[in-house]
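The chains referred to below are lettered A, B, ... by the order of the sequence lines, with proteins before strands, and numbering in each begins at 1.
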2 protein chains.
Amino acid sequence: MGMQEQLKLNNQLCFRLYTASRLITQAYHPLLSGIGLTYPQYLVMMVLWEQDAQPVNDIAKKLYLETNTVTPLLKRMEAEGFISRSKGKADARQVIVNLTPKGRELESQASCIPFQLGEAVACRSITPETAPGLYGTLDDLIHTLSSAGR
Amino acid sequence: MGMQEQLKLNNQLCFRLYTASRLITQAYHPLLSGIGLTYPQYLVMMVLWEQDAQPVNDIAKKLYLETNTVTPLLKRMEAEGFISRSKGKADARQVIVNLTPKGRELESQASCIPFQLGEAVACRSITPETAPGLYGTLDDLIHTLSSAGR
DNA sequence: TTTATTTATATCGTTCACGATGCAAAGATA
DNA sequence: TATCTTTGCATCGTGAACGATATAAATAAA
């Protein structure tokens, strides 16, 4: 009649990732709301700051999201004036996403966010020595899961 | 005019956690839909399997969620017949959540899920030797973030 | 060149998350 | 006791996520 050990919350990797993800996103909130972005919108902006003028699909792939998530996100960002969307010339099916001047200007305003966030996240388990190992593990996990799903 | 290095997606811990969390949840989906649960609902069930008859607030705290997320979740689970909700006797403000027989029966059906999931998540970076370290790091992060937010 | 298939994006419906706010019960203070 | 504050839960509105489906353009096959 004992509780199944493997069904305890404490033994779940996924629950930890889910919680850690939500809590970090919450920590971003006050910083991002200052520049008018949500966290997923901030991710899109980082993709575009790194390389402007990308089709929807390229953005979606880099974020491991589907277009049915990204399309409405981009529409809201267009309504806010951060990006513009235009038909692709080479391929008329594509929608090319461009930064507006307002969106481009945001990069310098956002540049301090990673540092501010770093202070909030500072804990003894994540140091310059241990971070690469953690990143590698998560990258490995993401790679396994994203390739398994096809 | 160079790209701000710290604003690159590859340098972001949060993006990794966000992606890993989503992809693992997706891996759960086919397993959970078989027993009629979503992933957050599965988390609630795990809390209740471990200890039945808890007030909403206790469940929310264990999942690091607010009641405005948990209440609608519980209502859907009640409509599906997995749980029942009743007024607390000692404190009339509380709503006590109980497993129904159907919800209790689900535990044995769910007991194989962690193993099935384990196979999907199997990658060289997460082994019986490395998992505790990863869990510890995430727990530390969660602790830091959840106590900072107050 | 038709016809069939794939690809790129969009639409729709449902379920989270979560900030803001409301409300009633409980507890504290006057 | 009457008033004030806190606590527990619910409601509302908005923005993701995502499965399922639709549509048009591009490509492949017949």
Inset, instruction - Whole angstrom is fine here: how far is it from CD in E66(A) over to P in dG13(C)? - result: 20 Å

Inset, instruction - Give the rounded distance in Å between these two atoms: NZ of K75(A) and P of dA10(C). - result: 6 Å

Inset, instruction - May I ask you to decide if the ring planes of Y42(B) and Y28(B) are parallel, tilted or perpendicular, using 30° and 60° as cut-offs? - result: tilted

Inset, instruction - Between R22(A) and V95(A), name the one whose nearest nucleotide on DNA chain C is closer to the 5' end. - result: V95(A)

Legend entry - Heavy-atom pair of closest approach, residues C14(B) and I24(A): SG-CG2, 3.3 Å

Legend entry - Nearest to side-chain heavy atoms of Q41(B), which nucleotide of dC9(D), dC18(C), dT15(C): dT15(C)

Inset, instruction - Mind calculating the distance between CG (N68(A)) and P (dT14(C)) to the nearest angstrom? - result: 16 Å

Legend entry - Phosphate OP1/OP2 of dC18(C): any Q26(A) side-chain N/O under 4.0 Å: yes

Legend entry - Phosphate contact (dG8(D) OP1 or OP2) by R85(B) side-chain N/O below 4.0 Å: no

Legend entry - Among E50(B), Q51(B), Q54(B), side-chain hydrogen bond (donor to acceptor under 3.5 Å, both in side chains) partner for K62(B): Q54(B)

Inset, instruction - Would you indicate which nucleotide in dA26(C), dA16(D), dG19(C) comes nearest to any side-chain atom of P40(A)? - result: dA16(D)

Inset, instruction - Please state how far atom NZ in K89(B) lies from atom C1' in dA25(C), giving the value in whole angstrom units. - result: 18 Å

Inset, instruction - Nearest whole angstrom, please: distance from the P of dA10(C) to the CD1 of I59(A). - result: 11 Å

Legend entry - Below 4.0 Å: OP1/OP2 of dA16(D) and any side-chain N or O of Y18(B): no

Inset, instruction - Determine the contact category for T38(A): base if any of its heavy atoms lies under 4.0 Å from a base atom, sugar-phosphate if only primed atoms, P, OP1 or OP2 are that close, otherwise nothing. - result: sugar-phosphate

Legend entry - Gap between atoms OH and P, on Y39(A) and dC18(C) respectively (whole Å): 14 Å

Legend entry - Shortest non-hydrogen separation from L99(B) to M45(B) and the atoms involved: CD2-CE, 3.6 Å

Legend entry - Side-chain-base donor-acceptor pair under 3.5 Å for R93(A) and dT9(C): no

Legend entry - Plane angle bin for Y64(A) and F15(B) - parallel if under 30°, tilted between 30 and 60°, otherwise perpendicular: tilted

Inset, instruction - Scan T67(A) against the nucleic acid and name what it touches under 4.0 Å (heavy atoms): base, sugar-phosphate only, or nothing. - result: base

Inset, instruction - Ignoring backbone atoms, test whether R76(A) places a side-chain nitrogen or oxygen under 4.0 Å from the OP1 or OP2 oxygen of dA16(D). - result: yes

Legend entry - Gap between atoms OH and C1', on Y64(B) and dC16(C) respectively (whole Å): 20 Å

Inset, instruction - Answer with base, sugar-phosphate or nothing: what part of the nucleic acid does P72(A) contact at a heavy-atom distance below 4.0 Å? - result: nothing

Legend entry - Interatomic distance, E78(A) CD vs dT9(C) P [rounded to whole Å]: 14 Å

Inset, instruction - Establish, with yes or no, whether the OP1 or OP2 oxygen of dA10(C) is under 4.0 angstrom from a side-chain nitrogen or oxygen of T71(A). - result: yes

